[in-house]
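Notes follow once the structure below has been shown.
Within every chain, numbering begins at 1; the chains are lettered A, B, ... in the order of the sequence lines, protein sequences first and strands thereafter.
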Number of protein chains: 2
Amino acid sequence: MATMKEIAQAAGVSTATVSRVLNGAPLISAETAARVTAVMQELNYRPNHVARSLRTVSTRTLGVLVSNVANPFFAGLVHSIEDSASDRGLGLILGNASEQPDRQLAYLHSFLEKQVDGIIITPTGSDPGWAEEVLARKLPLVFVDRTLTGVDVPSVTIDDAAALRQLIEHLKSEGHRSAALITGPTANMPIRHRIAGFVAAAEALDFAVRPEHIIEGGVSREDGSRAVQKLLALPGERPDVIFTLNNTMALGALAELQAAGLSIPRDIAFASYDDSPWFDVLTPTVTAIAQPVSEMGRAAVELVSKIIAGEEAGPVALPATLIIRRSSERASS
Amino acid sequence: MATMKEIAQAAGVSTATVSRVLNGAPLISAETAARVTAVMQELNYRPNHVARSLRTVSTRTLGVLVSNVANPFFAGLVHSIEDSASDRGLGLILGNASEQPDRQLAYLHSFLEKQVDGIIITPTGSDPGWAEEVLARKLPLVFVDRTLTGVDVPSVTIDDAAALRQLIEHLKSEGHRSAALITGPTANMPIRHRIAGFVAAAEALDFAVRPEHIIEGGVSREDGSRAVQKLLALPGERPDVIFTLNNTMALGALAELQAAGLSIPRDIAFASYDDSPWFDVLTPTVTAIAQPVSEMGRAAVELVSKIIAGEEAGPVALPATLIIRRSSERASS
DNA sequence: CTGAAAGCGCTTACAG
DNA sequence: CTGAAAGCGCTTACAG
């Protein structure tokens, strides 16, 4: 691989001049620039980004650390972040915590060592210790989706209070009177928000959500199945509606309801947080609260770019939207 | 951020010694090692990976470039590659060509400049020119899923001849006699393989696939819808089965069949290449040929690691498997 | 408009 | 067992 020194020799100039041509610095004579450029092309020169980074103390690279790429929501987020970063000429180093705080910490350290210019993270676990270390190094940091209390970090979150309220209103208008809620891991801030929002809206609208019908689920398909099994085994009246707090659990819940021979929405209605492209091919199509994934990714990149540039950057909250489909229709039409 | 020099000063040793302690070099006295380690901890030292890479000419980083992360198959592949790479202590720089050769080329160049230790790619387009450039630099390169003719690059591919034949056998045994094939982009090698494999198996087993029933689809949901519309508008007898060559198109095809009021498998049977977790929640559940995505990612990382280590590394072909569900059952039972 | 020189933070033969 | 010194490939004040 040709180095800058070789280019300089071949073009009969100093490396300083080659560097200036490469970076489009002003005050270079047109003919020098042309000659150097020609030599670079001829020798198929590629600048060594590692050397450049060491010198300029900037890698033009973002570290992106998600809680679990197996979850389509996070995969979509990575996609959108990749898109926006590439638009800005920023590269991406990818990390996946798989919901394990120690894996998250290992990635974080590798991000620090690799001198990333900024970090976008959906934090896993609730210990904000690592964030303080990152902040102490003055490294731009942004939370997406999930947040952590106890540290002052700008974030991109979802405002779903309105959508949750609309969901309850819709369910009521269809004649439903009670719901079960299958939650995600309550350690996560947005999950707690969703639960609180759902319960608050239900209370305000006089819609029944019995305490035993709030079942702690998780993040996987199996968590969804298990929660439905648990729910169906409960004594007393069955709720009119089941609402799952993410679409991976919806998958398990729907399979379980089918296995139990229950027809949706005739025997029980259904809705889920997180939309999925499959929701309008399922029978029945599935009512969902959709998160603006692309916008979240774009906003996160914008936020971290601003911080890198030393600009002011406040938190961003993006609205979720209710998408009404057939799974939440009234039982008897 | 503390540097090695500061650690050396604080510990009263040279930077060479600090470096040796850091890298666990032999021949260091236990007390020196202990003292240096203590200082590193105290000052919260993180080695600068950029400086290290410049010196050692190794970044311990892989460039991963997929054709389209929006496709769940590629997203799964990235996940699996990330997993295996992390097990081996390798970092990941992610690129997404979005099926555009010029975007692919831009990422490739950035990988070269960032001095990645190896590249795993699902090539987009059919021009192998860029691969020659990579190979000329002696940079380890591995193809996954897709391959390119005209260059000698080890690859991880799918052997689906047997699965395709089993599919035809199954369809026949269910009483079906003819099928339509909705293809992906025929510019891609594995797509051409799938088409050839399907057609060959059909011929061998005397199963009808009329030329006009081989419809060029694409990669998106819309491509799937469009192909089904085209198929249904065709004069003459309808095929007994529709087979789509990826699950994103299956989504569009299924929606379109529903919209047309056709019941599966009563009016027309259905199967798709690429499994999806949603396929066994759909009504009916969908027969599919599944690719071993995790194994593919793992094999790709293994392959590139071997080449980096200077070992021999031949191509890997992994078998696809047929998963029979209800969408391909006989029409009248 | 261009060059000589210093330096980014490490690693590694070479001595001792 | 440890240190002095060179050097990886760039960029950038400082001179001229």
Side-chain angles (χ1 to χ4, degrees), chain A residues 1-37 39-40 43-61 109-117 137-139, chain B residues 1-37 39-40 43-61 109-117 137-139:
Chain A
M1 283 186 273
T3 68
M4 189 167 268
K5 205 167 153 190
E6 300 174 54
I7 303 295
Q9 275 164 355
V13 295
S14 72
T15 59
T17 299
V18 177
S19 174
R20 290 191 185 106
V21 172
L22 196 62
N23 296 297
L27 303 182
I28 291 283
S29 82
E31 46 183 343
T32 308
R35 186 152 37 96
V36 171
T37 307
V39 173
M40 290 197 301
L43 300 189
N44 220 321
Y45 172 70
R46 299 261 166 243
N48 184 326
H49 189 263
V50 172
R52 178 183 228 280
S53 294
L54 179 60
R55 188 49 231 252
T56 60
V57 199
S58 150
T59 52
R60 306 283 304 149
T61 300
H109 287 163
S110 97
F111 286 179
L112 293 177
E113 296 181 1
K114 286 175 180 168
Q115 317 294 123
V116 297
D117 287 351
R137 288 168 193 262
K138 309 248 176 275
L139 185 57
Chain B
M1 282 186 273
T3 68
M4 190 167 269
K5 205 167 153 190
E6 300 174 54
I7 303 296
Q9 274 163 358
V13 295
S14 72
T15 58
T17 299
V18 178
S19 173
R20 291 191 184 104
V21 172
L22 196 61
N23 296 296
L27 304 181
I28 291 282
S29 82
E31 48 183 342
T32 308
R35 186 153 36 96
V36 171
T37 306
V39 173
M40 290 197 300
L43 299 189
N44 219 321
Y45 173 70
R46 298 261 166 243
N48 184 326
H49 188 263
V50 172
R52 176 184 230 281
S53 294
L54 179 60
R55 189 49 232 250
T56 60
V57 199
S58 150
T59 52
R60 304 285 304 152
T61 299
H109 287 162
S110 96
F111 286 178
L112 292 179
E113 296 180 1
K114 287 175 179 168
Q115 317 295 122
V116 296
D117 287 352
R137 288 167 194 265
K138 309 249 176 274
L139 186 57

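What separates CE of A:M4 from C1' of D:dT12 is a distance of 12 Å, to the nearest Å. Nucleotide C:dT2 holds its P atom 17 Å from the CD1 atom of A:I7, rounded to whole Å. If you take CD of B:E113 and P of D:dC8, they are 20 Å apart, rounded to a whole angstrom. In this structure, A:N48 atom CG and D:dC10 atom C1' are separated by 7 Å, rounded to whole Å. Counting to the nearest Å, the P atom of D:dG3 and the CD atom of B:Q9 are 13 Å from each other. Rounded to an integer number of Å, the gap from CZ of B:R52 to P of D:dC10 is 21 Å. One can place CZ of B:R55 at 6 Å from C1' of D:dG7, the figure rounded to the nearest angstrom. The distance between atom NE2 of B:H49 and atom C1' of C:dT11, rounded to the nearest whole Å, is 13 Å.
Every pair passing salt bridge (Lys or Arg N to Asp or Glu O under 4.0 Å) that includes a residue from residues 43-54 of chain B is listed here, sequence neighbours excluded: A:E133-B:R46.
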Legend entry - Pairing string, 5' to 3', for DNA chain D - Watson-Crick or wobble contacts under 3.5 Å, brackets [ ] where pairs cross, | to another strand: |||.||||||||.|||
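Proximity of residues 14-35 of chain B to DNA chain D (heavy atom under 4.0 angstrom from any strand atom) is restricted to B:S14, B:A16, B:T17, B:R20, B:L27, B:I28, B:S29, B:T32.
If B:G12 and B:V57 are placed on DNA chain D by their nearest nucleotide, the residue sitting closer to the 5' end is B:G12.
Backbone-only contact: B:V13 has heavy atoms under 4.0 Å from sugar-phosphate atoms and none from a base.
Close to D:dG9, at under 4.0 Å from its OP1 or OP2, lies no side-chain N or O of A:Y45.
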